[in-house]
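Just below is one structure, and these are the notes that go with it.
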Amino acid sequence: MQKSLHIDPAKCTGCLQCEMACSYENYQVFNPAKSRIKVFDFHHTGRKVPYTCTQCDEAWCLHACPVEAIKVDAATGAKVVLENVCVGCKVCTIACPFGTVNYVQDTGKVQKCDLCGGKPACAEACPTGAITYVDADWTGLEKMRQWAQKLDSQPAAGHAD
Amino acid sequence: MSWARKILRVDLTKGTCTAEPLKMDWAALYLGQRGLATKYFTAEVDPKVDPLSPANKVIYATGPLTGTMASTGGRYSVITKGPLTGAIACSNSGGYFGAELKMAGWDMIILEGKSARPVYLHIENDHAELLDAAELWGKSTWDTEAWLKKHFQDPQVRVSGIGPAGETGCLYAAVVNDLHRAAGRSGVGTVLGSKNLKAIAVRGTKGVGNVKDPAAFMKATAAAKKVLADNAVTGQGLPKFGTQVLMNVINEMGALPTRNHRDVQFDGAKDISAEAMHAPRKTDGKPNLVTNQACFGCTIACGRISKIDESHFTVVNKPQYWGASGGLEYEAAWALGAANGVNDLEALTYANFRANEDGWDPISFGATVGAVMELYEMGVLKKEQLGIEAPFGSAQALTFFADQVGKGEGFGKEIALGSKRLTAKYGHPDLSMTVKGQEFPAYDSRGIQGMGLAYATSNRGACHLRGYTVASEVLGIPVKTDPHVTEGKAGLVKAFQDATAVFDSSGLCLFTSFAWTLQDVAPQLQAACEGDWSLDNLNLVGERIWNLEKEFNLAAGLTKKDDDLPPRLKKEAAKTGPAKGLVNGLDKMLPEYYQLRGWNAEGVPTAETRKRLGTAALK
């Protein structure tokens with residue numbers, strides 16, 4: 001069963017534990033500048049929104065790469081950058097409609113979320129459950145449950161007893 | 001390791017920026033941030049220096065855990081000699097700036113001298129330079145940050161600096177970062193302004209990658225985070241209600257200073273409480289509180305983000321105040337509210353926005369307005385000189401002065417000097433609710449006896465963040481003590497003061513101490529840093545820091561008479577509530593405190609104490 005990162009912005013407090021966990025997992029450094037997930041702070045509304053790659057099935061980045069440096073991890077479905085193949089041309093960064101592939105000056109390669117091989121460090125570090133790693137077919141399950149609970153509290157939809 | 005092992009020395013007179021290695025032998029004795037910066041400061045600055053002269057210095061300092069995954073590891077402190085008090089000043093802030101500075105590769109910035117013209121400091125990793133701030137001078141902290149982000153075409157730049165209050169000589173000007181986080185007290189922003197330094201803009205992309213034992217560190221920080229999550233205060237109370245959770249609690253126990261400490265209970269407390277911030281408004285059906293917010297690395301998230309009612313008189317036709325921004329914390333809600341008898345939550349929120357925007361301390365401001373209102377009611381101050389009728393309870397007067405104080409306009413220019421100078425000028429110095437010239441925060445020491453001693457002996461003047469015995473006397477952390485007695489409080493105050501100095505020197509937020517003791521901090525430091533950070537040594541480090549601050553104050557000319565409370569708290573008994581009939585028993589606690597500290601009857605450390613701690617009298 002494949003899983004997806006599931007993001008609930010309403011629960012995000014902007015602590016950036018996810019960004020530090022990501023950079024630590026991949027570069028052994030606490031460094032939001034090297035994180036593959038970014039939290040955006042919309043100050044005038046008070047909203048904080050974590051954002052990262054959604055692992056498109058027909059991934060623009062993968063198709064755009066001229067050297068086939070982006071491969072599918074069959075187990076997780078993640079689109080993974082092969083650092084030893086990537087030439088740093090950045091065409092994938094242009095191709096991605098969401099901006100979630102980015103160049104890293106230090107390495108001369110691009111980076112993107114690879115789901116940490118199936119154990120995403122960001123989800124593990126998130127203290128509020130704003131980032132979870134759930135069944136890819138059921139990212140809507142929690143939202144459905146919440147609406148179901150609302151229905152459950154209305155007499156007409158409840159049990160006959 | 002976890003220290004960046006590098007400090008930036010900025011000579012504003014010469015316009016130079018120079019890197020220096022961090023003195024690791026000092027770090028072993030003073031840890032980082034507050035402690036280590038105090039060591040540097042006291043070694044370099046004459047304690048008798050005029051705080052607003054070029055010879056004073058300002059140190060921005062991070063701790064070894066700043067910029068790491070330790071929960072709340074994003075703090076920095078600003079250390080200088082304070083213009084409000086003439087004592088050592090040390091203010092601490094969260095937000096994101098501190099971590100960014102550390103990630104640029106710096107433990108500290110030492111700012112010295114005075115620039116001939118307004119400048120700002122730009123730091124991008126190893127590169128640092130002073131740049132012309134002519135376009136920024138006069139701007140609010142909000143506009144300054146926006147200007148810098150646009151100028152560098154980089155939304156990820158973090159900014160810390162002063163607003164108009166720091167430029168106009170308000171003696172309690174704050175250093176504000178990330179729009180609404182502040183090193184708020186003691187006028188550290190005033191000193192920056194006196195040096196013509198408007199702001200520091202930093203971008204750090206190096207990160208912190210040198211913790212001593214990464215595996216042990218991840219394990220220790222994860223365990224400590226669980227302690228925070230499982231604790232009722234840090235896991236539930238603070239995220240939901242913020243520090244405002246205290247408003248009704250403190251009022252009920254009769255320790256909410258009201259109307260310039262005339263009273264100890266405020267009938268309007270419920271209207272300005274955490275519960276009120278959650279309740280839908282009658283006008284627009286929306287609550288004042290929009291959401292909570294964390295500072296860097298914080299798994300508590302006590303910060304308040306609020307929106308003002310757009311139809312409120314303070315913001316009609318002022319859309320710049322209609323968006324969400326930093327809402328009321330308990331101390332600000334008290335100072336802007338109960339201290340003046342004002343129960344208008346929206347007016348308080350507006351004044352709080354103005355404090356962040358113009359860069360001043362809402363505690364000292366609010367408490368000074370409280371004194372103004374008392375003088376007004378006594379007939380000493382008149383409408384003609386104030387520009388407005390100013391009885392207790394007037395939200396109009398409060399916000400009128402909040403608009404003036406930062407820019408130094410009208411009577412706001414006098415309020416900007418704090419209540420000690422203001423009440424002295426008008427012949428009623430006894431009405432200044434201050435210690436060492438700094439205004440009290442939100443706990444009345446008649447109802448919480450230990451706080452009287454904590455205030456009187458605080459090295460930066462009246463302050464709740466130097467020895468928060470409220471935790472014990474009210475909340476039962478770590479053990480419940482009777483708030484109405486003086487017995488045992490000397491030891492309690494000392495223990496809180498020393499432990500707090502360690503929290504403030506580590507890069508962590510003091511609010512973790514609702515759940516953590518130093519026993520939770522020690523393994524995190526030990527895994528991150530070389531050296532001995534055992535519990536025993538941390539206690540010693542905390543005591544050493546406290547004593548070094550004290551030595552600075554003694555050499556600056558402060559004496560036992562400065563370790564005192566205003567007569568009102570020692571002579572006028574609480575009129576209502578559980579503490580009715582009580583005054584503060586400071587005189588019973590102070591001698592024992594000096595003794596426990598290893599100080600003589602005049603509050604001077606003995607030779608034996610100095611030897612034990614490795615401190616000395618300063619010259």
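Naming: A, B, ... by sequence-line order, numbering from 1 per chain. Because only heavy atoms are used, hydrogens play no part in the values below, and waters and symmetry mates are left out as well, while side chains stay in.
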B/Met103 versus chain A, the contacting section by heavy-atom distance below 4.5 Å:
side chain
Is B/Lys206 close to chain A through its backbone or its side chain, or both, or neither, when contacts mean heavy atoms under 4.5 Å?
backbone
Heavy atoms only: give me the nearest A/Tyr24-B/Pro214 pair and the separation to one decimal.
OH-CB, 3.0 Å
Are there more than 12 heavy atoms of other residues, nucleotides or ligands under 6.0 Å from atom CD of B/Gln153?
no
Which atoms of B/Phe217 are under 4.5 Å from chain A, going by heavy atoms: the side chain, the backbone, both sets, or neither?
side chain
Counting only N and O atoms by type, is there a donor-acceptor contact under 3.5 Å from the side chain of A/Asn31 to the main-chain atoms of B/Thr205?
yes
Take atom CZ of B/Arg281 as the centre, draw a 6.0 Å sphere, and report whether it contains more than 12 heavy atoms from other residues, nucleotides or ligands.
yes
Over all heavy atoms of both residues, which pair between B/Gly204 and A/Ala33 is shortest? Give the atoms and the distance, please.
O-CB, 4.4 Å
Chain A interface, residue from B/Met69, B/Glu100, B/Gln293 that has the most non-hydrogen pairs under 4.5 Å
B/Met69
Chain A contact via B/Thr291 - side chain, backbone, both or neither, heavy atoms under 4.5 Å:
side chain
Counting only heavy atoms from other residues, nucleotides and ligands, does the tally under 6.0 Å from NZ of B/Lys6 exceed 12?
yes
Is the NZ atom of B/Lys318 crowded by more than 12 outside heavy atoms at less than 6.0 Å?
yes
Are there over 12 heavy-atom neighbours, none belonging to B/Lys240, within less than 6.0 Å of that residue's NZ?
no
In terms of heavy-atom contacts, does OH of A/Tyr133 have more than 12 from other residues, nucleotides or ligands at under 6.0 Å?
yes
Bottom line for B/Val290: the part with an atom under 4.5 Å from chain A's heavy atoms is side chain
Check each atom of A/Asp41 against the heavy atoms of chain B and say whether the ones under 4.5 Å are side chain, backbone, both or neither.
side chain
For chain A, which of B/Lys307, B/His180, B/Met218, B/Lys225 has the most heavy-atom pairs under 4.5 Å?
B/Met218
Chain B heavy atoms under 4.5 Å from A/Lys11: which part of the residue, side chain, backbone, both or neither?
neither
Is there a donor-acceptor contact under 3.5 Å from the side chain of A/Gln17 to the main chain of B/Gly297?
yes
Taking side chain as everything from C-beta outward and backbone as N, CA, C, O, which of these in B/Gln156 sits under 4.5 Å from a heavy atom of chain A? Side chain, backbone, both or neither.
side chain
Gap separating the CG atom of B/Leu179 from the NE2 atom of A/His43, nearest 0.5 angstrom:
4.5 Å
Which atoms of A/Ala10 approach chain B - backbone, side chain, both or neither, heavy atom under 4.5 Å
neither
In Å, rounded to the nearest 0.5 Å, how long is the span from CG of A/Leu16 to SG of B/Cys298?
11.0 Å
Under a 4.5 Å cutoff for heavy-atom pairs, which residue among B/Pro239, B/Ala294, B/Gly209, B/Gly323 has the most contacts with chain A?
B/Ala294
Rounded distance (nearest 0.5 Å) linking atom CZ of A/Phe30 with atom NZ of B/Lys102
10.5 Å
How long is the gap from OG on B/Ser325 to NE2 on A/His44, to the nearest 0.5 Å?
8.0 Å
Just checking A/Trp138: does its CH2 atom have more than 12 heavy atoms from other residues, nucleotides or ligands closer to it than 6.0 angstrom?
no
What part of B/Ile300 gets within 4.5 angstrom of chain A, counting heavy atoms only: side chain, backbone, both, or neither?
neither
Check the surroundings of atom CH2 in A/Trp60: do more than 12 heavy atoms from other residues, nucleotides or ligands lie under 6.0 Å from it?
no
